[in-house]
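On a predicted model such as this, the values are computed, not experimentally measured, just so you know. All heavy atoms count here, side chains included; hydrogens, waters and symmetry mates do not. Just so we're on the same page: letters track the sequence lines, and every chain starts at 1.
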2 protein chains.
Amino acid sequence: MDTPAKERNTKQKRLILDCMKSSGRHMNVEEIYGIIKKHDEKISIATVYRNLRMLEQQGVVKKLYMAEDSPSFYEFNDNGEHTHHHLVCSRCGAIIDFEEDLLESLEKTIEEKKGFKIKDHRVVFYGLCRECREAEK
Amino acid sequence: MDTPAKERNTKQKRLILDCMKSSGRHMNVEEIYGIIKKHDEKISIATVYRNLRMLEQQGVVKKLYMAEDSPSFYEFNDNGEHTHHHLVCSRCGAIIDFEEDLLESLEKTIEEKKGFKIKDHRVVFYGLCRECREAEK
DNA sequence: TTATGTGCAAAGCGTTTGCACTTTA
DNA sequence: TAAAGTGCAAACGCTTTGCACATAA
């Protein structure tokens, strides 16, 4: 049997969770840290990283795969109710959520053809958002 | 008018390209460096990074988005003939190419609903490869 | 009271850069 | 011979870690 993890409910963790929940959006660690610092002057960014890592392992929070060379993004995990994907505008950097899972048929095909059992997917689309398309005209 | 880039055909660049072409697979920078070092004892990893960056900007090589906290992968770009996606086995770490683009209908929907013009996509599926599924039984 | 979490500063790791030197064209 | 590329070592940015101290249970 696994020793159950005895996890503590610290002020810092509460702040991080509140921040993630109330934002409801993807945020990078620097942003989260900035917001929390207003409520706890002394908090260390190492604590933010540590808590986010734990929360991710528990599935409370999701770590996102955005552009390669950018800091990590996190968002509150709505318990897999509906997966969403991200659209990243390559002109203005906007990140737009796209709430729809049309990947199912693709995933079925992959399982059939490759014998690969898909558990998760990371899908990011890059392109131009509506505003930038208009601005470019 | 843009000043045309006067690019040089160095031994180092040739080695890198040969390595990428003949492998025909995704490789991380450390791997590429290791292989090239057999042919050029003195090459610096900074040169590998520099060349890969330039080759990527020219579209000769493609930078891949695998797991978040892992080093960058590159692969020779077959000129967009057929895009392929990657399946990453979360048990053994195998990376399997999946040559098929069933994303088109999804992309069409996104353009209609969001006014977002998709130029590129990064799609990675995580799960269990055939071997690991069998091993787990 | 004690295991767990914290803050701090230092280290880690992949990647980039400044600079003097070499090479390509 | 001049512009472009190189090797080296130092710097970078994001993230993790070691350690002494603080805190939740």
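- You'll find the side chain of A:L87 stays beyond 4.5 Å of the side chain of A:C129, heavy atoms only.
- Between A:Q12 and C:dG7 there is a side-chain N or O to OP1 or OP2 distance below 4.0 Å.
- When side chains are defined from C-beta on, A:H26 does not count as touching A:M20, because their heavy atoms never get closer than 4.5 Å.
- With rounding to whole Å, B:K37 atom NZ is found 12 Å from D:dC8 atom C1'.
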Polar atoms only, N or O, under 3.5 Å: list the protein pairs with nucleotides 18-20 of chain C and their distances.
unit_1	atom_1	unit_2	atom_2	d
C:dG18	O6	B:R50	NH1	3.3

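- Put simply, CD1 on A:I45 is 15 Å from C1' on D:dT17, counting in whole angstrom units.
- Checking the phosphate oxygens (OP1, OP2) of C:dC8, a side-chain nitrogen or oxygen of A:K42 falls inside 4.0 Å.
- Within the structure, every pair that satisfies the salt bridge (Lys or Arg N to Asp or Glu O under 4.0 Å) test and touches residues 39-48 of chain B, not counting sequence neighbours, is listed here: B:K11-B:D40.
- Between A:P71 and A:V29, the closest side-chain pair of non-hydrogen atoms is not below 4.5 Å.
- One can place CG of B:N51 at 8 Å from P of D:dG5, the figure rounded to the nearest angstrom.
- Computed from coordinates, the A:Q58 CD to C:dT4 P distance equals 14 Å when rounded to whole Å.
- Residues passing the side chain to side chain donor-acceptor pair (under 3.5 Å) test with A:K37, sequence neighbours excluded: A:Y33.
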Polar atom pairs (N or O), protein with nucleotides 10-14 of chain D, under 3.5 Å:
none

Got a list of protein N/O to nucleotides 22-25 of chain D N/O distances below 3.5 Å?
unit_1	atom_1	unit_2	atom_2	d
D:dT23	O2	A:R8	NH1	3.4
D:dA24	N3	A:R8	NH1	3.2
D:dA25	OP1	A:N9	N	3.4

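- An OP1 or OP2 oxygen of C:dG7 is reached within less than 4.0 angstrom by a side-chain nitrogen or oxygen of A:T47.
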Exercise for review: Assess whether salt bridge (charged side-chain N to carboxylate O under 4.0 Å, His left out) is satisfied between B:E56 and B:K62, documenting all intermediate values.
Suggested key: CA-CA 6 Å; B:E56 199 219 348; B:K62 233 178 180 265; over 6 Å; no
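- You'll find the side chain of B:V88 stays beyond 4.5 Å of the side chain of B:F125, heavy atoms only.
- Under the 4.5 Å side-chain criterion, counting only non-hydrogen atoms from C-beta, B:K63 is not in contact with B:R53.
- Inter-residue side-chain proximity for B:N28 and B:I32 is flagged as unmet; no heavy-atom pair is nearer than 4.5 Å.
- Judged by distance alone, with hydrogens and angles left aside, the side-chain atoms of A:K13 form a donor-acceptor pair with the main-chain N or O of A:R8 at under 3.5 Å.
- In this structure, B:H39 places its NE2 atom 17 Å from P of D:dT6, rounding to the nearest Å.
- Between the CD1 atom of B:I43 and the P atom of D:dT6 there is a distance of 7 Å, rounded to whole Å.
- One atom, OH of B:Y74, and another, P of C:dT15, lie 7 Å apart when rounded to the nearest Å.
- Between A:R25 and A:E75 no salt bridge is recorded (no basic side-chain N to carboxylate O distance below 4.0 Å).
- Residues B:I95 and B:F73 have side chains in contact (heavy-atom distance under 4.5 Å, counting atoms from C-beta outward).
- With a 4.5 Å cut-off on side-chain heavy atoms, A:E107 and A:H121 count as touching.
- Fit an axis to the five pairs at each end of the helix from C:dT1-D:dA25 to C:dA25-D:dT1 and the two axes sit 30° apart, to the nearest 10 degrees.
- Using a distance-only test at 3.5 Å, with no hydrogens or angles considered, a donor-acceptor pair links the side chain of B:N77 to the main chain of B:G59.
- Computed from coordinates, the B:L15 CG to D:dG5 C1' distance equals 14 Å when rounded to whole Å.
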